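To start, the structure under review is shown below, and the notes come after it.
The sequence lines fix the lettering, A, B, ..., with proteins before strands; numbering per chain opens at 1. Keep in mind that this is a model prediction, so the values were computed, not measured.
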2 protein chains.
Amino acid sequence: MTDSNDGNGGTGAATASVSSSSGRAGMQLGYTPLYMQVRQQLLDKLISGEWQPGTLLPSEQQLSVQMGVSQGTVRKALDALSADRIVVRHQGRGTFVAEHDQRRTLFQFFKIADDKGDRVLPETVYSQLKRAEPSASESRLLGLRPKGDVWRIVRHRALKGRVMLSEQIVLSADRFPGLDVHVPLPNNIYELYERHFVTTVTRAAEQLRAVAASAEDADVLGCSEHMPVLQIDRQAFALNGALVELRRSRCLTEQFHYASDLR
Amino acid sequence: MTDSNDGNGGTGAATASVSSSSGRAGMQLGYTPLYMQVRQQLLDKLISGEWQPGTLLPSEQQLSVQMGVSQGTVRKALDALSADRIVVRHQGRGTFVAEHDQRRTLFQFFKIADDKGDRVLPETVYSQLKRAEPSASESRLLGLRPKGDVWRIVRHRALKGRVMLSEQIVLSADRFPGLDVHVPLPNNIYELYERHFVTTVTRAAEQLRAVAASAEDADVLGCSEHMPVLQIDRQAFALNGALVELRRSRCLTEQFHYASDLR
DNA sequence: TGTCCAAACTCTTATATAAAAGTTATAGGT
DNA sequence: ACCTATAACTTTTATATAAGAGTTTGGACA
């Protein structure tokens, strides 16, 4: 902690053991509040895998003693992590590392809903995995080493017995070693990343376009060629901010739609 | 304030003048924290139009005295409103009622981006307004009185000189009396709602589908018939939660796309 | 007139304290 | 075995206090 940014208010004599990120005093740009430093420290434990998903964290009291800050500061840090859905807090029970259970997948990462507006998770009816060479852009986006391979996953997914989504997923083979051992892949693939590859997807960006179904799309989705389908390109990011998954989905939107909340 | 839900912690003798919503003590279900009651009281002033968009609110100190709660409780209420983008807070300046300026429209309500990922607000190249009878579903969704009319707005919007979006907007004629006086309508239509009709849009829900361009779409957008276009259905909600606008957009997605953040 | 500094104001951060609300485990009764 | 009360824990709410950070304003001064 720098002298200028000590930030010890109040009357207590808390000897904060939290160190500032950039050492010198008299920092001109930026200034990191104590609770954000605490947030980052907690986040580091999650990134390292020291606290696995589902783990019960120490209580606010315990953490405040461990880290040498007040309970209120720990609370602000945990609230910030909670807002990013990185931890989940339950009054009376404690604070847990968020898991990729069905509900989270449904509400955070799956935006397809039926005409009543209910989110429905489709079942995987076909799945294929193979190792391949990445394209130039894939290699760049995923930050692969030269000659680094990728996994390519193709899945067909159905709702109410009707195949309505075809998706291609691209992953770094280095980050997901031995992924082929887990074939057949589970429907909830982010849970797999998290359980076996210390990779927690916390955030994703999607780009949507209306395109004409290719001959292959038509075959898979059981529609005519050139039928309008919704193309969804997704980039998924891990706890440390790294882009870890590329995905392209093509989706029929006759009985279903993509739901987006603007708030 | 009920006895059971007094919630006066601390050592102070604050005589909270905030009244509980449901009177009897021993309430079984629900319990509204004091800061949420304060939030609602502040929100009521916004809904009534007593505090217009752009207004500087009283300071936390002043509000805490006025409402008979602590400054920290006012802070929690204002933070909650800030999270919903209903007010905007600036350190050193104060708390302001959020306005529908260009930036807000761009980042909260317009999700079209170019291939670099930059949000771009399209210009209106054609605009038409007429009074008409609502369909049954429009009447129901907008909560119109029997025989209540609607306004229908048709707009064509262009990016970089290219018409790429055609939209139809439906509004209650009762809620927007004399809307035709404001023809030609400004590009930022939510600013118009807010300035002249005490209607602040705070939240919207969108449903996206890929559909084939109709003959009319093809004419407007300058594409061939049956070309895949992105159809966006929007319901926009006001401060009090009422559905105040229905909108259907059809959008070319060759050079642009709909950007959705999953977090 | 123009510049600089200090005061006064805002929100923000940080602390401490206390009580309420909700959960879980334990002990004791029927 | 089952239910109940209780104790011990958790997060959540509410308060008070103090100092930091950022903005605006007004006055001293050149």
Side-chain angles (χ1 to χ4, degrees), chain A residues 1-18 20 25-39 56-65 67-82 87-96, chain B residues 1-18 20 25-39 56-65 67-82 87-96:
Chain A
M1 178 110 45
T2 61
D3 294 336
S4 62
N5 291 335
D6 190 308
N8 264 340
T11 52
T15 54
S17 61
V18 177
S20 167
M27 227 189 317
Q28 305 250 3
L29 296 174
Y31 140 80
T32 312
L34 188 51
Y35 79 91
M36 285 300 284
Q37 298 178 36
V38 171
R39 188 199 110 106
L56 172 62
L57 263 57
S59 72
E60 295 179 350
Q61 274 305 336
Q62 292 172 304
L63 285 173
S64 74
V65 173
M67 314 185 81
V69 300
S70 77
Q71 174 267 340
T73 300
V74 171
R75 163 158 278 266
K76 282 203 76 169
L78 288 174
D79 280 346
L81 290 172
S82 176
V87 303
V88 177
R89 318 197 71 193
H90 297 288
Q91 186 176 6
R93 297 217 288 139
T95 303
F96 300 82
Chain B
M1 178 103 53
T2 61
D3 295 335
S4 63
N5 291 335
D6 189 310
N8 263 339
T11 52
T15 54
S17 60
V18 177
S20 166
M27 224 188 321
Q28 305 250 1
L29 296 174
Y31 142 79
T32 313
L34 188 50
Y35 79 91
M36 286 300 284
Q37 297 178 37
V38 171
R39 189 201 109 107
L56 171 63
L57 264 56
S59 70
E60 295 179 350
Q61 274 304 337
Q62 292 172 305
L63 286 173
S64 74
V65 172
M67 314 186 81
V69 301
S70 77
Q71 173 267 341
T73 300
V74 171
R75 163 158 279 267
K76 281 202 76 169
L78 289 174
D79 281 345
L81 290 172
S82 176
V87 302
V88 178
R89 318 197 72 193
H90 296 287
Q91 185 176 4
R93 297 216 289 139
T95 303
F96 299 82

Quick one: which of dT17(D), dT12(D), dA14(C) gets closest to the side chain of T73(A)?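 So the side chain of T73(A) is nearest to dA14(C).
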Of the nucleotides dC11(C), dT13(D), dA14(C), which one has an atom closest to the side chain of Y31(A)?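 The answer is dA14(C).
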Go through the structure and list residues passing side chain to side chain donor-acceptor pair (under 3.5 Å) with R89(B), not counting sequence neighbours.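 Per chain and number, R89(B) pairs via side chain to side chain donor-acceptor pair (under 3.5 Å) with E60(B), D79(B), T95(B).
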Under a 3.5 Å distance rule, please check whether Q37(A) uses its side chain to pair with a backbone N or O of T32(A) as donor and acceptor.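 Judged by distance alone, yes, a pair lies under 3.5 Å.
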Nearest 0.5 angstrom please: K76(A) NZ to S82(A) OG, how far?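 Answer rounded to 0.5 Å: 14.0 Å.
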Spatial distance of atom CG (L63(B)) from atom CZ (R75(B)) [nearest 0.5 Å]: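 Going from the CG atom of L63(B) to the CZ atom of R75(B) covers 12.0 Å.
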Does dA14(C) have OP1 or OP2 sitting under 4.0 Å from an N or O in the side chain of K76(A)?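 The answer is no; no side-chain N or O of K76(A) sits under 4.0 Å from OP1 or OP2.
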Exercise: identify the closest heavy-atom pair between S64(A) and S70(A):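 Taking every non-hydrogen atom into account, CB-C, 3.7 Å.
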Please report the distance, rounded to the nearest Å, between CG in L63(A) and P in dT11(D).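 The answer, rounded to whole Å, is 8 Å.
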Let me spell it out: for each of Q71(A) and P33(A), pick the nucleotide of DNA chain C with the closest heavy atom. Which residue's pick is nearer the 5' end?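 Result of the comparison: P33(A).
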Hey, what are the protein-to-nucleotides 5-10 of chain D N/O distances that come in under 3.5 Å?
unit_1: dT10(D); atom_1: OP1; unit_2: S59(A); atom_2: OG; d: 3.2
unit_1: dT10(D); atom_1: O2; unit_2: G92(A); atom_2: N; d: 3.1

Applying side-chain contact (heavy atoms from CB on, under 4.5 Å), can you list everything that pairs with Q62(A), at least two apart in sequence or on another chain?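 Listed in chain order: P58(A), S59(A), Q66(A).
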